[in-house]
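Here's the structure we're looking at; comments come further down.
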Amino acid sequence: MQERRQAILRKLEECGSVKVNDLSRELGCSEVTIRADIRAMEQEGKLTRTHGGAVSKAADEEVHHYRAESLYRNTELKKQIAACAYAFIEDRDTIIIDDASTSFYLAVYIRQHPEKHLAIVTNSLLAANELAGCSHVELFMVGGHVGGHLAATMGEAAQESMEKFHVDKAFIGVHSINFDVGLTSIATPQMQVKQAIMKTTEKVFVLADSTKFGGGYLSVICPIKSVYKIITDKKVSRQNVVRAERESVPLVICLLYT
């Protein structure tokens, strides 16, 4: 048993993360045994369990740092975008807010402005925490496995739960806006939830600060023209504005919102 657990730790040191099915195959034992090892090792503080595997303590700390860093990167621009997005919301609307950092700031803005009564669906634990208890918000939390770049529910359970709703408008974030391939996500679980969100409404608003244009991508959510509006900030480059106009991309640039 100790040799097997030492092998798991060596794999974590080498790769930063491990999967139960891979370890089962490599170490010649059942997945039940590997899960029991991982559970015991987490209790000993040697690793952190994840859905289907584990990550090293160092990798877990790095992820938490990245999460915090992402939430507080370009804060003022994200707040401006959130305020602009709020202008598209009508009293008594039903809306979805996803787990993106800019979407979180929309949740904050809604909490601070009780003049509109809303029904809100979210898979974001951070957004739900902001909105819980607000008298002007009827809140629905989507269930599922908790994980991701910012704490949120995802996976098949979240996807299926999300698809049961029908809302007036949805507000989502993206990893990048790539004119050649479309709107992209950081990984498949996030992509699947965003695609599920798009099935619930015809009006999808993308909240994306100007740094999101261009760059690489892992998973493609949809073509750019599949969304109703893309709301960005005034720092968006002239080149991107021109291309958006040329390709009839529905771009909204927030200027006066605070």
What are the two closest non-hydrogen atoms of G144 and A157, and how far apart are they? CA-CB, 3.9 Å

Distance, nearest 0.5 Å, that separates CG of L251 from CD1 of I230: 6.5 Å

Can you say whether the rings of Y86 and H113 are parallel (under 30°), tilted (30 to 60°) or perpendicular (over 60°)? tilted

CD (E3) with more than 12 external heavy atoms under 6.0 Å: no

Classify the side-chain pair S176/T184 by whether it contains a donor and acceptor separated by less than 3.5 Å. yes

Within the 3.5 Å criterion, strictly below it, is a donor on N21 or S24 matched to an acceptor on the partner's side chain? no

Please lay out, stage by stage, how D180 and R243 fare under the test salt bridge (Lys or Arg N to Asp or Glu O under 4.0 Å). CA-CA 11 Å; D180 295 320; R243 183 156 186 189; 2.8 Å; yes

Give the intermediate values and the outcome of salt bridge (Lys or Arg N to Asp or Glu O under 4.0 Å) for residues D209 and K212. CA-CA 6 Å; D209 67 71; K212 297 289 187 177; 5.3 Å; no

Answer yes or no: is there a side-chain heavy-atom contact under 4.5 Å between K11 and E26? yes

Using the rule given for side-chain contact (heavy atoms from CB on, under 4.5 Å), can you reason through F179 versus V249, listing the C-alpha separation, both sets of side-chain angles and the distance that settles it, and then say yes or no? CA-CA 9 Å; F179 285 104; V249 173; 4.0 Å; yes

Where do T201 and A170 come nearest, in terms of heavy atoms and distance? CG2-CB, 3.6 Å

Qualifying residues under side-chain hydrogen bond (donor to acceptor under 3.5 Å, both in side chains), relative to Q2, sequence neighbours excluded: none

Can you find a pair of side-chain heavy atoms, one from L118 and one from R92, that are under 4.5 Å apart? no

For I95, is there any backbone N or O sitting under 3.5 Å from a side-chain donor or acceptor partner on D93? no

Rounded to the nearest 0.5 angstrom, the CD1-CG distance for I177 and N240 is 8.5 Å

Side-chain contact test, heavy atoms from C-beta onward, threshold under 4.5 Å: evaluate it for V206 versus K229 and give yes or no. no

Do V241 and I253 have side chains that approach each other closer than 4.5 Å (heavy atoms only, starting at C-beta)? yes

Any side-chain heavy atom of T122 sitting closer than 4.5 Å to one from F140? no

Measure from the side-chain N and O atoms of K169 to the backbone N and O of F88, and report whether any donor-acceptor pair falls under 3.5 Å. yes

Taking all heavy atoms of N178 and all of I224, pick out the closest pair and write down the distance. O-CD1, 3.6 Å

Closest heavy-atom pair, A54 versus L47, reported as atoms and distance to 0.1 Å, is CB-CD1, 4.1 Å

For the atom pair OG1 (T94) and CD (E90), what is the distance rounded to the nearest 0.5 Å? 12.0 Å

Verify same cluster id: M198, L183 (apolar side-chain graph, 4.5 Å): yes

Could you pull out every donor-acceptor pair under 3.5 Å between side chains of residues 126-136 and any protein atom, sequence neighbours left out?
residue : atom : partner : partner atom : Å
E130    : OE1  : R111    : NE           : 2.6
E130    : OE1  : R111    : NH2          : 3.1
H136    : NE2  : I110    : O            : 2.8

State whether the number of non-hydrogen atoms from other residues, nucleotides or ligands found under 6.0 Å of E247 atom CD is greater than 12. yes

Do the charged groups of E160 and K164 touch, with an N to O distance under 4.0 Å? no

Check for a donor-acceptor pair, side chain of N123 on one end and backbone N or O of T153 on the other, with a separation under 3.5 Å. yes

Within a radius of less than 6.0 Å around NZ of K116, do more than 12 heavy atoms belonging to other residues, nucleotides or ligands occur? yes

Should we say atom CD of Q239 is surrounded by more than 12 heavy atoms from elsewhere, each under 6.0 Å from it? no

Within this structure, what is the CD1-CD distance for the pair I38 and E31, rounded to the nearest 0.5 Å? 10.0 Å

Would you please test M162 and Q159 for side-chain contact (heavy atoms from CB on, under 4.5 Å) and show each step? CA-CA 5 Å; M162 187 69 78; Q159 188 177 349; 5.9 Å; no

With a 4.5 Å cut-off on side-chain heavy atoms, are C29 and R4 touching? yes

Atom CD of residue position Q112 - does it have more than 12 heavy atoms of other residues, nucleotides or ligands inside 6.0 Å? yes

Without hydrogens or angle criteria, can the side chains of S101 and K78 be said to hold a donor-acceptor pair below 3.5 Å? yes

Are there over 12 heavy-atom neighbours, none belonging to E138, within less than 6.0 Å of that residue's CD? no

Just wondering, do F171 and I89 contact through their side chains at under 4.5 Å, heavy atoms? yes

Check whether any side-chain heavy atom of Y105 sits under 4.5 Å from a side-chain heavy atom of L207, and report yes or no. no

Would the distance check show the side chain of T232 and the main-chain N or O of A208 forming a donor-acceptor pair, the cut-off being under 3.5 Å? yes

Nearest non-hydrogen partners of S124 and D99, listed with the distance: CB-CA, 3.6 Å

Any chance you could measure L77, atom CG, to D233, atom CG, to the nearest 0.5 Å? 4.0 Å

For I221, run the side chain to side chain contact (heavy atoms under 4.5 Å, CB included) check against V227, V204, V181, V174 and tell me which one passes. V174

Taking all non-hydrogen atoms of both residues into account, name the closest pair between H166 and T200 and its distance. ND1-O, 3.1 Å

Atom OG in S226, atom CD in Q195: separation rounded to 0.5 Å? 10.0 Å

